There are 2 protein chains.
Amino acid sequence: MTDYIHALSIDGVIFGFHENELKVLLLRWKGTDEWSLPGGFIRMQESVDVAAQRVVQERTGLTQLYLRQFHVFGDVNRYDWTELQRRIGFPHGNTEGEWWPRTVSIGYYALVEHSKVEPTPDHLTEACAWWSLDALPNLLFDHNQIIEVALQALRKDLNEQPIGHLLPGAFSIPELQRLHETILGHPLDARNFYKKIMASDELERLPERRRGTPHKAPFLYRFRTEVTV
Amino acid sequence: MTDYIHALSIDGVIFGFHENELKVLLLRWKGTDEWSLPGGFIRMQESVDVAAQRVVQERTGLTQLYLRQFHVFGDVNRYDWTELQRRIGFPHGNTEGEWWPRTVSIGYYALVEHSKVEPTPDHLTEACAWWSLDALPNLLFDHNQIIEVALQALRKDLNEQPIGHLLPGAFSIPELQRLHETILGHPLDARNFYKKIMASDELERLPERRRGTPHKAPFLYRFRTEVTV
DNA sequence: ACAAAAGTGTTAGTGCTACACCCATGA
DNA sequence: TCATGGGTGTAGCACTAACACTTTTGT
């Protein structure tokens, strides 16, 4: 721990999209039923952005990431230490070097392709799983609030550009529409959505259509622009 | 220094508006001609937002502040240590406790009323003064870049709501327009500006007009909403 | 044939842009 | 009276929102 920056951590809100639901990747702490966001500390010789990539990479197995710094959570009393100790037994400011009396956290959100993720717990946790945003448990620390702020940031970004990083490389327009509807939390008009997406000139139609649905086969598209870090 | 969070600092971009120019408040380091942004560290029992308020308060004397966290600067090599040592003689990672081998900085910008500021240097500096954004010197650290990012964030925020915190309590519409033009960096149409501002319903016209100008006396306005922290 | 989803155009409204003239005031 | 800036309306354009029918496909 001595080669990490003390009192400063990363919290990663990893968004996925599956079965028309927006999900986040959570960790269950060893020997408990308590869940939290993935997170980590920053190495002394590591940029904060790189640390965030590492955190998300280690939990998902993914290397190419769409990752955005969205807020710093710096209140003195971000959460109740007594409650935390009761829930996961972590003493306040213990000397093991893993824990600190007060931590400032930099929030990053990642958009990942749900099916490509291999959820992997870290050394403090024993399960890593997707949770629907609509049915989150009461998380450790202030992580419910962090997710809320991340979602607001994601919605704001969505208004500036269509976002497809949560979908597989090839997707239909209605699938993209359902993703946007789920993020924004309200339905969109299919014709208007189609026009707006096409006007953005970010998509290109692929030669094949999606087969195997019991209905009309939709065209498939992909984003012209590639994944950013 | 031991009761401060190590390796994490605040950098404050304090914007003012004077003589139709956007200014930032800078500090000159003792015994040098080198300038930097005001900044500071976070106390162990102090929220990050409060630390940012303190930093800005100490340099300006103002208590009611419009303050926005806009970005975290977390690269390992944010600036050249050799150059820094040459310019202000600060050794890399000295033991005085004032300096650290690597610092992550949280950027805040403040909008203040130029005339109310009493520029005050801190214990490392011997001058505190306004500099026009158009004629900044080569600043210490990565502070030129931080100002650039702050300006971008300010411009973005300006598109969401009219901002008047840089002006005195009572101002004319043309004065507000010149402020917006200066921030955005391009001229605005007076009629369109007037309509948009009025449509926002944020301003109320005061009973008096501005007197003493050699021309038509403009109406004075103020914002309905009050200063936020 | 039927059920379900895909694909697509038109119209109205709203907000942004461009543009010009008269008014008030101090010098 | 003149020079300077203040104050204001209208018309086109672009983007957004509302709305329904035909096509395709598997069952």
Side-chain angles (χ1 to χ4, degrees), chain A residues 17-21 155-164 167-168 170-222, chain B residues 17-21 155-164 167-168 170-222:
Chain A
F17 185 66
H18 188 55
E19 291 175 346
N20 285 343
E21 287 192 323
R155 284 179 177 159
K156 203 166 174 182
D157 292 352
L158 194 61
N159 287 325
E160 289 170 18
Q161 48 160 339
I163 286 179
L167 294 174
F171 52 86
S172 70
I173 300 293
E175 283 163 4
L176 183 62
Q177 182 183 338
R178 282 191 287 274
L179 169 61
H180 280 228
E181 286 174 334
T182 305
I183 294 174
L184 294 175
H186 59 82
L188 297 169
D189 179 272
R191 282 165 290 190
N192 295 335
F193 183 77
Y194 183 84
K195 274 180 296 182
K196 188 172 172 180
I197 285 291
M198 285 311 165
S200 81
D201 202 43
E202 298 255 24
L203 297 188
E204 58 184 351
R205 185 181 279 190
L206 300 176
E208 340 81 83
R209 292 166 176 242
R210 175 168 317 293
R211 316 308 308 263
T213 72
H215 310 297
K216 184 170 179 175
F219 292 106
L220 291 176
Y221 295 79
R222 67 179 176 87
Chain B
F17 185 63
H18 188 58
E19 292 176 342
N20 286 340
E21 287 192 323
R155 284 179 177 159
K156 204 167 175 182
D157 294 351
L158 193 62
N159 287 325
E160 288 169 19
Q161 49 162 339
I163 287 178
L167 293 175
F171 50 85
S172 69
I173 301 293
E175 282 163 5
L176 183 61
Q177 181 183 338
R178 280 191 288 274
L179 169 60
H180 280 227
E181 286 174 334
T182 305
I183 293 175
L184 295 175
H186 59 82
L188 298 170
D189 179 274
R191 280 165 294 193
N192 295 335
F193 183 77
Y194 182 84
K195 274 180 296 182
K196 188 172 172 179
I197 286 290
M198 286 311 163
S200 81
D201 202 42
E202 298 255 24
L203 297 188
E204 59 184 350
R205 185 181 281 190
L206 300 177
E208 343 79 86
R209 293 166 176 242
R210 176 169 315 294
R211 316 308 308 261
T213 73
H215 310 298
K216 184 170 179 176
F219 293 107
L220 290 177
Y221 296 80
R222 67 180 174 88

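Just so you know, these numbers come straight off a predicted model, no measurement behind them.
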Selection residues 171-188 of chain A - residue pairs positive for side chain to side chain donor-acceptor pair (under 3.5 Å), sequence neighbours left out: A:E175-A:R210, A:Q177-A:E181
B:Q177 CD - D:dG6 P separation (whole Å): 9 Å
Interface with DNA chain C, restricted to residues 178-188 of chain B and to heavy atoms under 4.0 Å: none
Side-chain N,O (B:Y194) to OP1/OP2 (D:dG7) below 4.0 Å: no
Nucleotide-resolved protein contact map, nucleotides 9-17 of chain D, B/S/- at heavy-atom distance under 4.0 Å: BB------B
Side chain to side chain, B:I163 and B:L176, heavy atoms closer than 4.5 Å: no
Where chain B begins and ends its contact with DNA chain C, read 5' to 3' at 4.0 Å from heavy atoms: C:dT17 to C:dG26
Salt bridge (charged side-chain N to carboxylate O under 4.0 Å, His left out) against A:K195, all qualifying residues, sequence neighbours excluded: none
All side-chain hydrogen bond (donor to acceptor under 3.5 Å, both in side chains) counterparts of B:K196, not counting sequence neighbours: none
Results of salt bridge (charged side-chain N to carboxylate O under 4.0 Å, His left out) for A:E208 - residues two or more places apart only: none
side-chain hydrogen bond (donor to acceptor under 3.5 Å, both in side chains) involving B:R155 - partner list, sequence neighbours excluded: none
A:L167 vs A:F17 side-chain heavy atoms within contact, under 4.5 Å: yes
Donor-acceptor under 3.5 Å (A:R209 side chain, A:A217 main chain): yes
pair A:N20-A:L179: side-chain heavy atoms closer than 4.5 Å: no
Side-chain heavy atoms of A:L206 within contact of A:F219, under 4.5 Å: no
Test side-chain hydrogen bond (donor to acceptor under 3.5 Å, both in side chains) applied to B:Y194 - qualifying residues, sequence neighbours left out: none
Base-contact (B) and sugar-phosphate-only (S) positions in nucleotides 22-27 of chain D, heavy-atom cut-off under 4.0 Å, - elsewhere: -BBBS-
Which residues share a side chain to side chain contact (heavy atoms under 4.5 Å, CB included) with B:E160, sequence neighbours left out: A:K156
Residues which pass side-chain hydrogen bond (donor to acceptor under 3.5 Å, both in side chains) with B:E21, listed by chain and number, not counting sequence neighbours: B:K23
